[in-house]
Amino acid sequence: MEAEVLNALRDPAGLPMHPLVFLVLGVLTFALHIAAVQLMLGATGLTLWGSLSKDAHKRQLASTMLGVGKVMLSVAIVIGVAPLLFVQVIYDPFWYTSNLLSAWWVIGFIVILSVGYILMYAYYWMNGDLANPKQSVKCPGSLLASVVLLLVVGFIMHALTNQMLSPDLWMQWYAPEGKLDTSGTQLHSYNLWRFAFFISLSVPVTGAFLIAMRRFFRVRADADHAYLDWVGALGLKWVTFGGVISVIVAAFWMMGLEGKQAEFATSPWMLVSLVALLGFVAYATWVWNQQRDSMHSYMVLPVGAVALIIVAAAREALRWSVLVGQFGFDVMGYPLNIDWYSTLLFFITFAVLGGGVLSYLLTVAWQAGQTVGQYTPSATVVRMGHIALSLIVLWIVHFFAIGFYVWMQ
Ligand code: HEM
């Protein structure tokens, strides 16, 4: 497809801020999204594994991981919206074409996600006493079905992203052999190795979480150290085994790249990502062997996050090298219609509202998790809660006020 056609398809309204801002935010929020997806998948995988066992440790872990899986599913969905917005803003001709070509799947995404979500909760409601190995587990099939449906959801996103990368094939998909196919019922392009790579990272990501979790619960007066050490050792196995498997899967992904994408396999981005992933595995191994009771156990999470951000940046570089480098799409030359108000509002909302509310929620979760028996928040934490709530109310009032102001103009 001609570069002029692709560039002409850009939104004539232009961008409200420099494209680089959206590009960076897209990478960062995708890394957050995929980290939550991976922890959700890893946690539900462990829940399934533990649920099918009569072993007390496995059942205890299954019960804890079900809670993690549920929360992470919500986080993955909420944070998934952010890269969705950014990809639409700077790659709109590609994203919308890909969505239209598979419109049924785009709509089906919501239905499949909702059913997967409900099935996870159904399993949770049916198995209130999962930690008790004497209790038989009810309907593990519902959790299995939930995981399968959530994987389908991820696969739809993967196919939409992959279809974007082949504008030269769009006409062939839209009008095979000259006959129009406006049904939108097909997923035209996927790369199983690429998909498997992002899913396989669930294993090391969840392993890192287990190492940090062991450290977190260790300080409780009622801590079961035998259980927690077992959890940490399992975490290290998941980090090392999963890390190596992910690298192998990535190698197959790169070796299988065809057409305009193939050149990327030998780019420095791949080398940097490889070093980041293996560096993370080495760091987690060092922490477990030398520093498992120190604060380093928590550091495996930010170190893993940095590795994921590097992988997310490499994924973006692949898209850039194809769409900009090979098809001539001009992201940086996107018409600008600078809107400082909406940009500032975004960053202030992110920092002040997001920061304030998250600090409160994380403080409560952290302190409650380390308290034996009933948790009573201190006066400072209660104050944090009041401030967080006031910020939300203020934001909502501001939202309607600005809406009315614009409407009245
Ligand atoms: C809960 C199940 C989900 C799973 C397993 C999942 C998995 C994935 C995977 C594997 C990718 C990477 C695809 C690739 O690069 O090949 C991805 C990308 C993405 N996902 Fe999700 N996802 C889920 C839910 C969601 C939801 C609910 C949203 C939106 C609200 C979302 C938005 C996105 C976006 C915007 C991208 C990247 C688009 C791009 O940069 O091209 N995902 N997801």
Side-chain angles (χ1 to χ4, degrees), residues 22-45 69-99 102 105-121 145-166 187-203 205-206 246 249-250 253-254 256-257 261 264 273 308-309 311-320 322-323 329 331:
F22 296 100
L23 197 72
V24 172
L25 288 174
V27 169
L28 291 179
T29 53
F30 170 74
L32 277 176
H33 165 64
I34 207 69
V37 164
Q38 286 157 349
L39 187 50
M40 177 273 289
L41 288 174
T44 32
K70 278 191 301 129
V71 173
M72 281 303 136
L73 177 54
S74 304
V75 175
I77 295 170
V78 172
I79 298 186
V81 177
L84 191 59
L85 298 179
F86 300 127
V87 76
Q88 283 170 37
V89 170
I90 49 173
Y91 295 117
D92 50 335
F94 303 91
W95 183 254
Y96 288 122
T97 309
S98 180
N99 276 239
S102 305
W105 290 95
V106 177
I107 308 286
F109 174 90
I110 314 273
V111 179
I112 300 170
L113 176 65
S114 307
V115 177
Y117 193 100
I118 291 167
L119 281 174
M120 191 179 288
Y121 271 86
S146 165
V147 176
V148 171
L149 290 177
L150 295 173
L151 283 172
V152 173
V153 165
F155 189 76
I156 296 173
M157 273 297 156
H158 160 72
L160 293 175
T161 303
N162 220 41
Q163 287 174 184
M164 284 175 70
L165 300 179
S166 304
L187 288 175
H188 300 276
S189 162
Y190 50 86
N191 179 329
L192 286 179
W193 287 114
R194 174 179 170 144
F195 180 64
F197 169 66
F198 285 109
I199 300 304
S200 69
L201 283 175
S202 306
V203 181
V205 166
T206 310
S246 305
V249 174
W253 169 22
M254 288 299 126
L257 286 182
Q261 298 184 43
F264 189 76
S273 303
L308 269 188
I309 291 172
V311 169
R315 171 183 177 276
E316 196 56 55
L318 168 62
R319 176 153 57 194
W320 183 278
V322 176
L323 301 187
F329 184 62
V331 178

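As the structure lists them, so they are numbered: ligands from 1, and atoms in each ligand from 1. Index from 1, following the sequence.
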Rounded at 0.5 Å granularity, tell me how far CZ in Phe197 sits from NE2 in His158.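 Going from the CZ atom of Phe197 to the NE2 atom of His158 covers 13.0 Å.
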To the nearest 0.5 Å, how far apart are CG in Leu23 and CD1 in Ile90? 4.5 Å
Ser114: partners by side-chain hydrogen bond (donor to acceptor under 3.5 Å, both in side chains), with sequence neighbours left out: none
Mind checking what makes side-chain hydrogen bond (donor to acceptor under 3.5 Å, both in side chains) contact with Asn191, not counting sequence neighbours? none
With heavy-atom distances below 4.0 Å as the criterion, list the atoms of ligand 1 near [X].
X	answer
Phe198	10 (C), 15 (O)
Arg194	14 (C), 15 (O), 16 (O)
Leu113	1 (C), 27 (C)
Leu84	35 (C)
Thr161	38 (C), 39 (C), 41 (O)
Leu73	1 (C)

Taking only residues two or more places apart in sequence or in another chain, which ones pass side chain to side chain contact (heavy atoms under 4.5 Å, CB included) with Ala312? Val27, Phe30, Ala31
When you measure from atom 39 (C) of ligand 1 to every protein heavy atom, which one gives the shortest distance, and what is it?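 Answer for atom 39 (C) of ligand 1: Arg315 NH2, 3.2 Å.
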Can you tell me which residue and heavy atom of the protein come closest to atom 5 (C) of ligand 1, and the distance to 0.1 Å?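 Atom 5 (C) of ligand 1 sits closest to the protein heavy atom Leu150 O, 3.3 Å.
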Can a donor-acceptor pair be found, under 3.5 Å and without considering hydrogens, that links the side chain of [X] to the backbone of [Y]?
X	Y	result
Gln163	Ser98	yes
His33	Ile79	no
Asn99	Trp95	yes
Ser202	Gly42	no

How about Phe155 and Phe195: are their ring centres within less than 6.0 Å of each other? yes
Is there a heavy atom in Asn191 that sits closer than 4.0 Å to ligand 1? no
Take every heavy atom of Arg319, measure it against each atom of ligand 1, and state whether any distance is under 4.0 Å. yes
Any heavy atom of Asn162 under 4.0 Å from ligand 1? The part involved is neither
Closest to atom 26 (C) of ligand 1 among Phe94, Phe109, Phe30 (heavy-atom distance):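 Among Phe94, Phe109, Phe30, the closest heavy atom to atom 26 (C) of ligand 1 comes from Phe109.
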Polar contact flag for His158 and ligand 1 (N/O pairs, less than 3.5 Å): yes
Below 30° counts as parallel, above 60° as perpendicular, anything between as tilted: where do the rings of Phe94 and Phe329 land?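 The rings of Phe94 and Phe329 stand perpendicular, inter-plane angle above 60°.
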Residues, nucleotides or ligands: over 12 heavy atoms within 6.0 Å of Leu85 CG: yes
Which count of protein N, O or S atoms is obtained for distances strictly below 2.8 Å from atom 21 (Fe) of ligand 1? 1
